[in-house]
There are 2 protein chains.
Amino acid sequence: MPLSREKIAATAIRLADADGLDGLSLRKIAKELGVGPMRLYDYVMNKSELLDLMVDVVYARIAEVGQRGGWRATVLGIAQATRDAALDHEWFADLLGGRPHLGPHALAVGEATAAALSAAPGVRDIDDLQRAVGALNAFIIGAVRKEVTERRTARSTGTDEAAFQASLGPYLTRMLKTGRYPTVARLVIDGAHLNAEETFNHNLTTILDGITRRSPT
Amino acid sequence: MPLSREKIAATAIRLADADGLDGLSLRKIAKELGVGPMRLYDYVMNKSELLDLMVDVVYARIAEVGQRGGWRATVLGIAQATRDAALDHEWFADLLGGRPHLGPHALAVGEATAAALSAAPGVRDIDDLQRAVGALNAFIIGAVRKEVTERRTARSTGTDEAAFQASLGPYLTRMLKTGRYPTVARLVIDGAHLNAEETFNHNLTTILDGITRRSPT
DNA sequence: GCCCGCTACCGTACGGTGTATCCACAGATA
DNA sequence: TATCTGTGGATACACCGTACGGTAGCGGGC
């Protein structure tokens, strides 16, 4: 079975899922495929091109959700699929927003969201659409990144409060006890129970409401 | 003149501004300071701790904006300062949202935004506040990242349309000419003239409107 | 006064990375 | 059969983060 861009991307994704983006190296991918490291350069010109390839594979999965009933359902579907994909492939969140995503499937996702948003009330011309797409994508990127990093730190420290206080505590609790950050302290102490998915959807609808309810120029 | 965390962070920031985050290495920092690479480990335990240090220095500048007239002016000030900082230090955008920002100045910024938002109409309890802070930060992170990556690609390809078509063109224009991405094509062709700062502020107010105008539970 | 132990500094070395270059070998062609 | 071509692989380079061992200075116990 000869090598191919698809096979390379697939094993790279598997390794990145397991070891994270830092643990991913061309040598490991090549070893996993049973070839020398330099063979990969016959299919990919850079490591970053390989990363682009991986990203577009994930976008392919996101693009599968396709069109839903209305523009709002479509946008919600794409956003949730993006979040799901990032939770499955945390390295995807690391790459999100870091470089232009121009693969065919990424463009398909972009087209689907833009087309859906162009049908939203309050989006009248191209400038409105540009802004709406920008706002939505910015929120998705930021929210997904934040959730992934929070999950990472929660995993490394342990979820329960005791372990949390013990690991981040020595520094963070000392900081919070200075009294200089009362609101943050309240958020950390009282606000940990919120469901992540609900919060994501809630804020997403907030954004969409803000876009559609825009006051007339 | 002895070494110090501040001096190390300052030269690291200078180098990162010049060469980007990929071009930053402990060896270069040490050479710039006229010491051996291992000297840095007397002041910093990791490279990532050094990155945290650099990030917090930038947050110090952001924290300087302080409180403004009302909650909305304060939030706008912080968001704009964050954007300005990221445009001055593009590596800051790369780090944004990638790891928990727990430095004292980052906490100060978080406290200021949370305190401001807690005074916003429509934010009634801690859960509301948590969601509002999450939405706002997500947008800021995503928007700043997107703007920085766009600026980078614009810089590498050249701003004028001819150079753009020539560099990204061979692939992107071919893609757009397939007709599969009509909305994206319209955005790329017609929508390039928008002012970045205006767009940022516009979307920011959109988000804030969405937060405050939240319909009652 | 002398020696010991301790601390603060420093250079070297290791295992890893992405990638350029050279080399051997197989197959096809003259 | 001899040469050419092109493909797969190994080696090599520059660089990275960082573990480790040594060395010099200095304060304290006898």
Side-chain angles (χ1 to χ4, degrees), chain A residues 1-57 89-92 94-95 98-100 149 152-153 156, chain B residues 1-57 90-92 94-95 98-100 103 149 152-153 156:
Chain A
M1 172 157 37
L3 238 45
S4 71
R5 285 165 73 92
E6 288 74 21
K7 259 195 89 65
I8 293 175
T11 75
I13 287 175
R14 228 183 40 239
L15 290 183
D17 286 342
D19 305 333
L21 213 55
D22 292 344
L24 185 71
S25 77
L26 296 180
R27 293 171 135 93
K28 287 183 192 168
I29 300 171
K31 179 170 293 185
E32 187 83 7
L33 290 167
V35 294
M38 286 305 108
R39 289 287 286 95
L40 303 182
Y41 282 88
D42 296 337
Y43 300 86
V44 158
M45 112 172 344
N46 267 342
K47 180 176 186 181
S48 71
E49 186 180 320
L50 173 60
L51 294 182
D52 288 342
L53 232 60
M54 296 164 61
V55 166
D56 210 55
V57 169
H89 311 285
E90 298 193 343
W91 50 268
F92 182 72
D94 297 327
L95 263 24
R99 51 178 44 249
T149 51
R152 275 204 260 249
T153 67
S156 77
Chain B
M1 170 158 38
L3 238 45
S4 71
R5 287 165 72 93
E6 287 74 20
K7 258 194 88 65
I8 293 175
T11 75
I13 287 175
R14 226 182 42 239
L15 289 184
D17 286 342
D19 305 332
L21 212 56
D22 293 345
L24 185 71
S25 78
L26 295 180
R27 294 171 133 93
K28 287 184 192 166
I29 300 170
K31 180 170 292 184
E32 188 82 8
L33 290 167
V35 293
M38 286 304 108
R39 296 288 78 256
L40 303 183
Y41 283 87
D42 295 334
Y43 300 87
V44 158
M45 112 172 344
N46 268 342
K47 180 176 185 180
S48 70
E49 186 180 319
L50 173 61
L51 294 181
D52 288 341
L53 232 60
M54 296 164 62
V55 166
D56 211 56
V57 170
E90 299 193 342
W91 51 267
F92 183 71
D94 297 327
L95 263 24
R99 51 176 46 252
T149 48
R152 275 204 260 248
T153 66
S156 76

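All values below come from the heavy atoms of this structure, side chains included, with hydrogens, waters and symmetry mates left out. Proteins get letters first, then strands, A, B, ... in listed order; numbering begins at 1 in each.
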Does any N or O in the side chain of A:Lys28 come within less than 3.5 Å of the main-chain N or O of A:Gly23, such that one atom is a donor and the other an acceptor?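 Yes, because the side chain of A:Lys28 sits within donor-acceptor range (under 3.5 Å) of the backbone of A:Gly23.
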Hey, does the side chain of A:Arg5 reach the backbone of A:Tyr43 with a donor-acceptor pair shorter than 3.5 angstrom?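 Yes: the side chain of A:Arg5 pairs with the backbone of A:Tyr43.
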Without decimals, in angstroms, what is the distance between [X] [atom1] and [N] [atom2]?
X       : N      : atom1 : atom2 : answer
B:Asp19 : D:dC15 : CG    : P     : 13 Å
A:Lys47 : C:dA20 : NZ    : P     : 15 Å
A:Leu40 : C:dA20 : CG    : P     : 13 Å
A:Asn46 : C:dT17 : CG    : C1'   : 14 Å
A:Leu51 : C:dG18 : CG    : P     : 10 Å
A:Leu24 : C:dT17 : CG    : P     : 10 Å
A:Glu49 : C:dT19 : CD    : C1'   : 14 Å
B:Asp22 : D:dC15 : CG    : P     : 15 Å

Gap separating the [atom1] atom of [X] from the [atom2] atom of [Y], nearest 0.5 angstrom:
X       : Y       : atom1 : atom2 : answer
A:Arg39 : A:Leu26 : CZ    : CG    : 13.5 Å
B:Ile8  : B:Leu40 : CD1   : CG    : 5.0 Å
B:Glu49 : B:Met54 : CD    : CE    : 13.0 Å
A:Glu32 : A:Leu15 : CD    : CG    : 5.0 Å
B:Leu51 : B:Asn46 : CG    : CG    : 9.5 Å
A:Leu21 : A:Glu90 : CG    : CD    : 11.5 Å

Can you see which heavy atom on A:Ala12 is nearest to which on A:Leu24, and at what distance? O-CD1, 3.6 Å
Please tabulate, one pair per line, each protein N/O and nucleotide N/O from nucleotides 8-16 of chain C that are separated by under 3.5 Å, including the distance.
| unit_1 | atom_1 | unit_2 | atom_2 | d |
| --- | --- | --- | --- | --- |
| C:dC10 | OP2 | B:Arg39 | NE | 3.3 |

Below 3.5 Å between N/O atoms, which protein atoms pair up with nucleotides 23-25 of chain D? Just atom names and distances, please.
none

